[in-house]
Amino acid sequence: MKINKKECRKFADPGTKMQLNNGLLHAGQIVYIVRTAIKIIDSHKILILYIHTREKAAQGDFKPCMTMFQSRNDFVTLEHRDDGSTAWRTSAFNHLDVNWSLSSKSAFYSSKDEECVRKYFKSDKSGFLPLIIAQNAILEHRRLKRQRNRENRILDRMAGVKSLPRGLNGWIRRSVMPGYFFYDYKRSSRDITGVCSACGREVMLSGVKQGAKLVCPHCKKEIICKPRSRRGSNMYDRKTCQVLQRISNSELVIRIIKVYYSYQDDIPDVQIYENARQFIYKNPDGKICAEAYYYSYNNGFLLTHWKKGERPKYSQWQECYEADTCGHVYTKNLQDELAGTPWKYCPVAQYYNNWHEPMESLPFLYAYLNHPRLEHLVKTGFYSLVSDIVYRYTCGNIDESQNRTHKILGVAAEDVDFLREIDVSIAALQIFQQYNGIKNRQKLLLWQIENQVEYNVLPILQHMTVHKAVKYLDSQYGFLRLRKTKYGAQRYKDMQELVTEYRDYLEMCRKLKYDLKNSFVKYPADLQKAHDKAAKSMKHKANAIMRREFAAVYKSIAGKYDFEKSGMKIVYPKNPDDLVKEGHALHHCIGGYVERVADRKCIILFLRQCSDLQHPYYTIEIQGKRVIQVRGVGNCSATPEVDKFVKAWEQRVLNLIETAA
């Protein structure tokens, strides 16, 4: 029975007064004074509690601040606010005040008020205890009702889930879990008799050695040789598996199966159980939705132990076997289960069988519906591209409106086999797409992948062929990688830094109007010395137009790159002269970047220590949302502290900027 709030309003304020000489009104330890009454409201006997503020009552204001209406199975409170308005509250008596338990700071006005409560609940308890006990019982009844409703909805959700495939256990044993050959070690013995843990049979094998991989002659499974003396008492293996099943023509469920093999004897003790389910479906409007459930392992639920949501774990960065949904995929039933659904041609089986490694099926199914060329890329063998699309949420410059492989990838037709052979990633493909029409581009990409070079190669190729550029950089890096600055720091920590410096050198030669057709200029015997010499020769006086363009760049980005952490701060140059001064102070070539900044080819920012903002510390070059280089005194690389600051700045600021200058 719900309390009739409309009728209750008629009894909200009885209009009774209190005696001002009553000692209760002057007891400082009391905050609220409670008066009670029993009324027939809407044909039901209702207990009414008039809750007064003691301070106001002592001043002659006897209007209740709250009026609680209590029936046998419900309660509600009408709050009277200072501005004259009212509001209904559903909190229990003890929770009406946010600062403390209300009963601990309240008192009945008279013994008749207390007797009224005791009589209504037919209790021999004193004080507010009969009321609190009754309300706790009502709250528990409400909680159980809500829980039943939630669990009934979960049971309805699980109603369409079929039983697991019959061949699942055999597939797990044969294809997922490792097998062992347990034997007693015998010195200088050719053939050794032992037990295959996969099939349980006693077999004799030759070439047995700790850790060696052999094949069981009975079950044909690869088994690992392990002496019984090395097995110990706590040897175990555990894996996660996934079973995909159809719920309807528009919905699938991914069932997460946990497998635990413990070895105390030659034959493992096997535990296989389901601990999570992921539903994915496509709405009539085309929207793709997903829901997750996990098994709560006898957590005191009423109707089911399934619970909605992801399984809680200590940290998303910490491994948790029970919460892990990445596992091996049971593929034998996929053709039948996916038939008639939007995933009818989804190549999840082919993708999994390529590596036979654990994978997340839910993102793959989701990506399949969002990327129309995902199936094409899997079937043509570009598995790393698919991994980037599915799990790294990046498509690069892949054109999904095309049908031909080379047009989808944005490369020449003759490059498709090469890219498939190296299993190109999105990052490598984006680099290669810039090289269309360049001779020896395949050799160049392999060189970049091997040396982890990602950018600043194209400006170099404007002056020479791929073969000469690679040959020169390799020869220079052979001895320059050992070069240190006069301050003891390593000058070039990787090939990428050497490539960037070579680009800068060629750019300075162009500005200085050196003859770049001359091999002596283009291929100096010592790149570092030639670079530093060219930097000193640069003229840093920018004309008026360049100054205006330079100022416009920094006006457009004002405040966008602000960041301060660990006693370091990002500072903007005010004019071209600041770049020149920075280059002179730190002994590097940043002064030659004025024209590049004015042309919006890059942005230069200063990294300063908060304790001395005027003193140059490190200089940062960015292009778009990428930090190209961070240089200190004598072109030295960033310290671990500076590197940590820059990475935090990239994550919190740089990656969130919509448009970079």
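The aromatic rings of Phe279 and Tyr293 sit perpendicular to each other, their planes meeting at more than 60°, with 30° as the lower class boundary.
No donor-acceptor contact under 3.5 angstrom links the side chains of Asp494 and Gln452, judged on distance only. Donor-acceptor pairing under 3.5 Å is recorded for the side chains of Lys258 and Thr240.
Every pair passing side-chain hydrogen bond (donor to acceptor under 3.5 Å, both in side chains) that includes a residue from residues 509-520 is listed here, sequence neighbours excluded: Glu507-Arg510.
Contact between Val416 and Phe382 at its shortest, heavy atoms only, is O-CZ, 3.7 Å. In terms of heavy-atom proximity, Cys589 sits nearest to Asp504 at SG-OD2, 4.0 Å. Of all heavy-atom pairs between Glu621 and Cys602, the closest is OE2-CB, 3.7 Å. The nearest pair of heavy atoms linking Arg238 to Met177 is N-CE, 4.2 Å.
Around CG of Asp612, the count of heavy atoms belonging to other residues, nucleotides or ligands within 6.0 Å exceeds 12.
Taking Tyr505 as the reference, nothing meets the ring pair (Phe, Tyr, Trp, His ring centres under 6.0 Å) condition, with sequence neighbours excluded. Residues passing the ring pair (Phe, Tyr, Trp, His ring centres under 6.0 Å) test with Tyr260 are Tyr236, sequence neighbours excluded.
With a 4.5 Å cut-off on side-chain heavy atoms, Glu501 and Arg631 count as touching.
At a threshold of 4.0 Å, the pair Arg608-Glu582 counts as salt-bridged, since one of the basic side-chain nitrogens sits closer than that to a carboxylate oxygen.
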